[in-house]
Amino acid sequence: MLKIEDYKVVFASVGLIGILLFASPTLGLVLRLPSGEKFSELWVLGPGHMAEDYPFNVRAGVNYLVYVGVGNHMGSSAYYVVYVKFRNQTESLPNATAGTPSPLPPLFEFRLFVEDGKSWEAPLRFSFSNVSFSENRSFVGGLMINGVTFNVDKSGSWDVENNGYYYQLFMELWMYNVESRAFEFHNRFVGLWLNMTG
Amino acid sequence: MKRLFRRFVKAPLSFLLIIIVFSLSLTRLPFRVSAGDEASSAIGEADNALRRAFEAVLDAERAGANVSNLIFKLNEAGRLLAEAENAYKMGKFSEAISKAEGCSVLANGVVGEALSLKSSALAAAQTAFWQNLTFSCFGGLAFLVALFFVWGRFKRAYAKKLLRMKPEVASDAED
């Protein structure tokens, strides 16, 4: 048979557990538990909303479709801007190590607000115009994105290793920082390699 | 006669035409510049309005409000601002102005809604806090009183049981 002191310990433990249970609704409002890792996602999907059938061999006058998506896991709602940029092989991409964006000017932009744990997706339709080729060089005059035409005037040289005139359509994710009241590059970018054909 | 016509009518007329075309081009230039400026300032205002609206929505969210409906409206305003920026880049200034103004109107509306949502969320949070605190205090107290009552009964029962056990121990000792 247990001693009375042992029963005292059992009763004290039950009392403590009970007090904690009754206090838990109030403690839940007061205490803030540390949240998980905060991050955002940026993706590009093919025309079937899948990671396949991406446009690759492109030519002037043909419409291409991809989907751009953003996922928010920052712990609160976020205000994003997705900048669409276009470059040839010699122009620079964002630097993921330094966390700096590409110095190229943005052509098209999406402004979006996403709640925590939710995602956003929009179609990105594009086509090329004024494309010409001469002496191992290609020239792209116009790029239409979602019905808006931009004069890009880019030229690319023949890539001997990969046999093509390569350009890249890429998207950068920027996020609004409430403290600094400014948009900052969020160090996320995705791109599509495009081989310009005749 | 022809020479006279050329000298006194055609030459001054051509000169006059050149002057008119030149002056028209001069008057059109400031107009284009001012339309561009107006569009740029409308876009700037819309951008600021959208930032303020987002900050207000974020405040409401931190206060515990459900901001899904406001996020939907912000996305609509953001789409208008992006369209205004794209129209501005293409030189469509009047379209840029109208889209930017549409964005500002929506964003300012969102600020008002966010403020009212925030105040109602704060009031609801305060009510919930006091309800929970009351439940915790009274519930905890009632539980402790009940536990002490049970402990007292248990102690008495335990003591009785011990007393009942003593004679048996004594009889065992005699054996």
Side-chain angles (χ1 to χ4, degrees), chain A residues 1-4 6-8 10-30 72 74-84 105-116 118 120 122 144-151 176-179 181-183, chain B residues 47-48 50-55 57-62 64 66-68 70-83 85-87 89-90 92 103 110 125 128-144 146-148 150-151 154-155 158-159 161-162 165:
Chain A
M1 191 177 167
L2 283 174
K3 289 179 185 171
I4 191 75
D6 298 329
Y7 283 113
K8 209 183 237 179
V10 171
F11 266 78
S13 305
V14 170
L16 202 68
I17 291 166
I19 289 293
L20 280 174
L21 282 175
F22 276 101
S24 59
T26 312
L27 289 175
L29 292 175
V30 178
N72 176 11
M74 296 298 291
S76 62
S77 295
Y79 179 12
Y80 297 105
V81 172
V82 176
Y83 287 125
V84 183
L107 296 174
F108 192 84
E109 64 180 51
F110 293 101
R111 283 178 184 265
L112 49 131
F113 298 84
V114 189
E115 279 183 87
D116 180 42
K118 295 202 174 159
W120 166 96
M144 184 190 269
I145 302 172
N146 286 356
V148 185
T149 308
F150 301 95
N151 292 320
Y176 182 65
N177 185 333
V178 182
E179 271 76 42
R181 297 197 152 186
F183 278 96
Chain B
D47 188 24
N48 283 333
L50 202 54
R51 287 171 196 222
R52 278 197 305 274
F54 173 66
E55 285 167 14
V57 169
L58 207 57
D59 275 350
E61 188 183 55
R62 281 171 187 162
N66 180 3
V67 293
S68 297
L70 295 182
I71 290 285
F72 177 78
K73 286 181 182 174
L74 280 180
N75 269 319
E76 194 60 26
R79 186 184 59 78
L80 284 173
L81 180 58
E83 283 177 7
E85 296 260 18
N86 293 328
K89 281 177 197 160
M90 291 172 76
K92 294 177 177 174
C103 169
V110 167
F129 175 77
W130 285 115
Q131 279 175 349
N132 282 326
L133 195 66
T134 311
F135 170 77
S136 294
C137 290
F138 286 100
L141 201 67
F143 175 73
L144 278 182
L147 198 68
F148 273 114
V150 171
W151 171 243
F154 176 79
K155 230 164 52 171
Y158 186 85
K161 201 175 177 185
L162 274 182
M165 282 170 81

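Letters go in sequence order (proteins before strands), and every chain restarts at 1.
- If you measure heavy-atom distances from V57(B) to chain A, you find no contacts under 4.5 Å at all.
- A heavy-atom distance below 4.5 Å is not found between the side chains of E85(B) and F108(A).
- Under a 3.5 Å cut-off, the side chain of T26(A) and the backbone N or O of N132(B) do form a donor-acceptor pair.
- A donor-acceptor pair shorter than 3.5 Å can be found between the side chains of E115(A) and S68(B).
- Comparing I4(A), V148(A), L112(A) by how many heavy-atom pairs each has under 4.5 Å with chain B, the most go to I4(A).
- The side-chain heavy atoms of Y176(A) and E55(B), taken from C-beta on, include a pair separated by under 4.5 Å.
- The aromatic rings of Y7(A) and Y158(B) stand perpendicular to each other, their planes meeting at an angle above 60°, with 30° marking the opposite boundary.
- In this structure, chain B has no heavy atom under 4.5 Å from any part of L21(A).
- Close placement of the F154(B) and F11(A) rings is indicated, their centers lying within 6.0 Å of each other.
- Contacts between V81(A) and chain B at a heavy-atom distance below 4.5 Å are absent for every atom of the residue.
- Within the 4.5 Å cutoff, no side-chain heavy atoms of F113(A) are placed close to those of E76(B).
- The side-chain heavy atoms of L58(B) and Y79(A), taken from C-beta on, include no pair separated by under 4.5 Å.
- Closest of all the heavy-atom pairs between G15(A) and L147(B) is CA-CD2, 3.3 Å.
- When the candidates I145(A), V178(A), N151(A) are compared by the number of heavy-atom contacts under 4.5 Å with chain B, V178(A) comes out ahead.
- For chain B, the nearby part of K118(A) is the side chain; its heavy atoms alone come within less than 4.5 Å.
- In terms of non-hydrogen atom pairs under 4.5 Å with chain A, the most contact-rich of A159(B), A82(B), G139(B) is G139(B).
- Around the NZ atom of K89(B), the shell of radius 6.0 Å holds more than 12 heavy atoms that belong to other residues, nucleotides or ligands.
- Heavy atoms only, all atoms of each residue included: A182(A) and R51(B) are closest at CA-NH1, 4.0 Å.
- Taking the six-membered ring where the residue is Trp, F22(A) and F143(B) present tilted rings, their angle falling between 30° and 60°.
- At a threshold of 4.5 Å between non-hydrogen side-chain atoms, the residues I71(B) and V114(A) do not count as touching.
- Contact record, A23(A) with S136(B): CA-OG, 3.6 Å, taken as the closest heavy-atom pair.
- When all heavy atoms of I19(A) and G140(B) are compared, the closest pair comes out as CD1-O, 3.8 Å.
- N86(B) approaches E109(A) most closely through the heavy-atom pair OD1-N, 3.9 Å.
- Neither the backbone nor the side chain of N48(B) comes within less than 4.5 Å of any heavy atom in chain A.
- The candidate with the highest count of non-hydrogen atom pairs below 4.5 Å against chain A, out of L50(B), V67(B), V150(B), is L50(B).
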Practice prompt. Before giving the answer on side chain to side chain contact (heavy atoms under 4.5 Å, CB included), spell out for R111(A) and E83(B) the whole-Å C-alpha distance, their side-chain angles and the decisive distance to 0.1 Å.
Written response: CA-CA 9 Å; R111(A) 283 178 184 265; E83(B) 283 177 7; over 6 Å; no

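- Looking at L144(B), only its side chain comes within 4.5 Å of chain A, counting heavy atoms on both sides.
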